[in-house]
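Single-structure report; data block below.
Naming: A, B, ... by sequence-line order, numbering from 1 per chain.
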Protein chains: 2
Amino acid sequence: MAMNIEQIIAKFHEEGFKVTPQRLAICEYVLSSKDHPTTDMAYAEVKRKYPTLSLATVYQTLHLLADIGLLQELEMDDRVSRYDPNTSPHINIICKNCGMVEDYDAKDMAKLWSEIVKGLGFEPIGQRIDVYRYCEKCLKKVKIKKTRGVSLV
Amino acid sequence: MAMNIEQIIAKFHEEGFKVTPQRLAICEYVLSSKDHPTTDMAYAEVKRKYPTLSLATVYQTLHLLADIGLLQELEMDDRVSRYDPNTSPHINIICKNCGMVEDYDAKDMAKLWSEIVKGLGFEPIGQRIDVYRYCEKCLKKVKIKKTRGVSLV
DNA sequence: ATTTAAATAATAATGATTACAATTTAAGAA
DNA sequence: TTCTTAAATTGTAATCATTATTATTTAAAT
Ligand SMILES: [Mn+2]
Ligand SMILES: [Mn+2]
Ligand SMILES: [Zn+2]
Ligand SMILES: [Zn+2]
């Protein structure tokens with residue numbers, strides 16, 4: 001995880017939000033996750049430690065974390081959002097069949113991205129860079145019904 | 001619009017789909033649009049010419065066009081999808097406050113993108129490149145409540 | 001220890017999207 | 001042209017992730 005628990009607590013304090021066990025548990029899970037979890041995934045996992053946890057709290061907390069810049073929300077094909085603790089410019093490799101997401105950090109991504117952004121005429125407040133494909137597992141299953149393919153040039 | 005009506009008809013034929021007046025009217029509107037319309041926008045506009053048009057048909061047709069690669073669906077913050085007839089690698093400049101989307105075609109975008117994609121180890125079936133900001137209109141209104149900002153490096 | 005504004009939990013409401021079934025129609029065959 | 005039929009359209013109901021609401025609990029300041 002990019003931030004340790006003390007840093008997260010400090011961040012909450014400086015943003016003026018209360019530090020609660022629910023928030024810390026959700027942070028601990030989602031900020032260290034590599035699989036771009038959904039709200040339900042976070043709920044299921046954190047509920048094991050906090051059985052009284054409410055789904056509403058998970059929604060609220062993930063939105064809060066997005067608001068303060070610790071998470072990026074990724075709206076997906078199946079309309080179930082996923083949350084990405086990596087908020088820097090990087091590629092999300094996404095399977096168009098099963099929705100699996102993995103990060104890809106090109107070695108000179110920052111440089112190439114700044115090159116692209118250079119001509120915009122303003123300073124972006126964020127970005128989303130997706131590359132779509134069918135993952136190995138889905139390619140084996142063969143039955144890709146809907147392509148949703150888009151031009152590559 | 002990238003495609004004229006004859007090309008659209010030919011595309012439907014070669015894909016094995018029927019050519020209907022509803023489909024053609026929806027295509028005519030959405031494939032020439034510059035503002036990344038929603039389903040409702042397409043419905044409202046096309047219904048003026050085809051008063052019997054059903055919203056279900058608009059949903060079905062936009063999905064069909066995405067399936068055959070003539071549109072890209074963009075799932076947005078407000079969970080209302082927008083449709084982009086530009087399926088080539090290009091930047092969508094999106095206002096995080098009002099949701100306005102505009103295209104930005106960097107002059108050497110294709111080159112820079114191929115540079116980025118080079119190291120992936122597979123051939124993508126599509127991509128989505130968003131840059132977020134607050135548009136001029138929203139910046140004037142000042143009251144930006146939720147930032148949802150993400151790291152820029 | 002008190003106070004209180006904020007957070008949580010439980011649940012209801014929302015609304016874009018999807019599913020469904022009856023009707024219509026595009027398009028190929030006769 | 002007329003017939004046939006699978007596909008498309010329509011109108012509406014169902015779905016379900018998300019958001020709103022409200023009573024209760026609690027973090028943290030006094
Ligand atoms: Mn990512
Ligand atoms: Mn676009
Ligand atoms: Zn997959
Ligand atoms: Zn705006």
**Complete:** Closest to the 5' end of DNA chain D, once B:Leu64 and A:Asp40 are matched to their nearest nucleotides, is B:Leu64

**5′-ward residue of the pair A:Tyr59/A:Pro21 relative to DNA chain D** =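 It is A:Tyr59, whose closest nucleotide lies nearer the 5' terminus.
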
Distance in angstrom units between [X] [atom1] and [N] [atom2], rounded:
X	N	atom1	atom2	result
A:Gln22	D:dT24	CD	P	18 Å
B:Glu75	D:dA17	CD	P	16 Å
A:Leu62	D:dT19	CG	P	11 Å
B:Asp78	D:dT18	CG	C1'	12 Å
A:Tyr83	D:dA17	OH	P	13 Å

Counting C-beta onward and ignoring hydrogens, is there a side-chain heavy-atom pair between [X] and [Y] closer than 4.5 Å?
X	Y	result
A:Lys140	A:Tyr134	no
B:Ser81	B:Thr39	no
B:Ile68	B:Phe17	yes

**Message:** Going by salt bridge (Lys or Arg N to Asp or Glu O under 4.0 Å), name the pairs with one or both residues in residues 101-114 of chain B, residues two or more places apart or in two chains.
**Reply:** B:Glu102-B:Arg133

**Asked** With sequence neighbours left out, which residue pairs that include part of residues 35-45 of chain A fulfil the salt bridge (Lys or Arg N to Asp or Glu O under 4.0 Å) condition?
**Response**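 Sorted pair list: A:Glu45-A:Arg48.
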
Backbone of [Y] reached by a side-chain donor or acceptor of [X] within 3.5 Å:
X	Y	result
A:Tyr104	B:Gly119	yes
B:His13	B:Lys11	no
A:Gln7	A:Asn4	yes

**Message:** Side-chain N or O of A:Arg79 versus OP1/OP2 of D:dA17: is the shortest distance under 4.0 Å?
**Reply:**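 The answer is no; no side-chain N or O of A:Arg79 sits under 4.0 Å from OP1 or OP2.
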
**Prompt:** Under 4.0 Å: is that the gap between some side-chain N or O of A:Gln60 and OP1 or OP2 of D:dT19?
**Reply:**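 Looking at the OP1 and OP2 atoms of D:dT19, neither is under 4.0 Å from any side-chain N or O of A:Gln60.
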
Hey, are [X] and [Y] close enough for a salt bridge, meaning a charged N less than 4.0 Å from a carboxylate O?
X	Y	answer
B:Arg23	B:Glu15	no
A:Glu73	B:Arg79	yes
B:Glu75	B:Arg128	yes

**Prompt:** Do you reckon B:Leu53 sits in the same ILVMFWY cluster as B:Leu55, going by side-chain contacts under 4.5 Å, direct or chained?
**Reply:**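 Same hydrophobic cluster.
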
**Message:** Please tell me whether B:Val80 and B:Leu74 are part of a single hydrophobic cluster in this structure, the criterion being side-chain heavy atoms less than 4.5 Å apart.
**Reply:** no

Short heteroatom pairs, N/O only, protein and nucleotides 28-30 of chain D, under 3.5 Å:
unit_1	atom_1	unit_2	atom_2	d
D:dA28	OP1	A:Val19	N	3.0

**Asked** Contact boundaries of DNA chain C with chain B (under 4.0 Å, heavy atoms), 5' to 3'?
**Response**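 Both ends considered, the range comes out as C:dA16 to C:dA27.
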
**Request:** Measure the angle between the two terminal helix axes of the helix from C:dA1-D:dT30 to C:dA30-D:dT1, five base pairs each, and quote it to 10°.
**Result:** 40°

**Request:** Report the relative orientation of the aromatic rings in A:His90 and A:His36; use parallel for angles under 30°, tilted for 30 to 60°, perpendicular for over 60°.
**Result:**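 Tilted: the ring planes of A:His90 and A:His36 meet at 30° to 60°.
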
**Asked** In residues 46-56 of chain B, which residues come under 4.0 Å of DNA chain D by heavy atom?
**Response** B:Thr52, B:Leu53, B:Ser54, B:Ala56

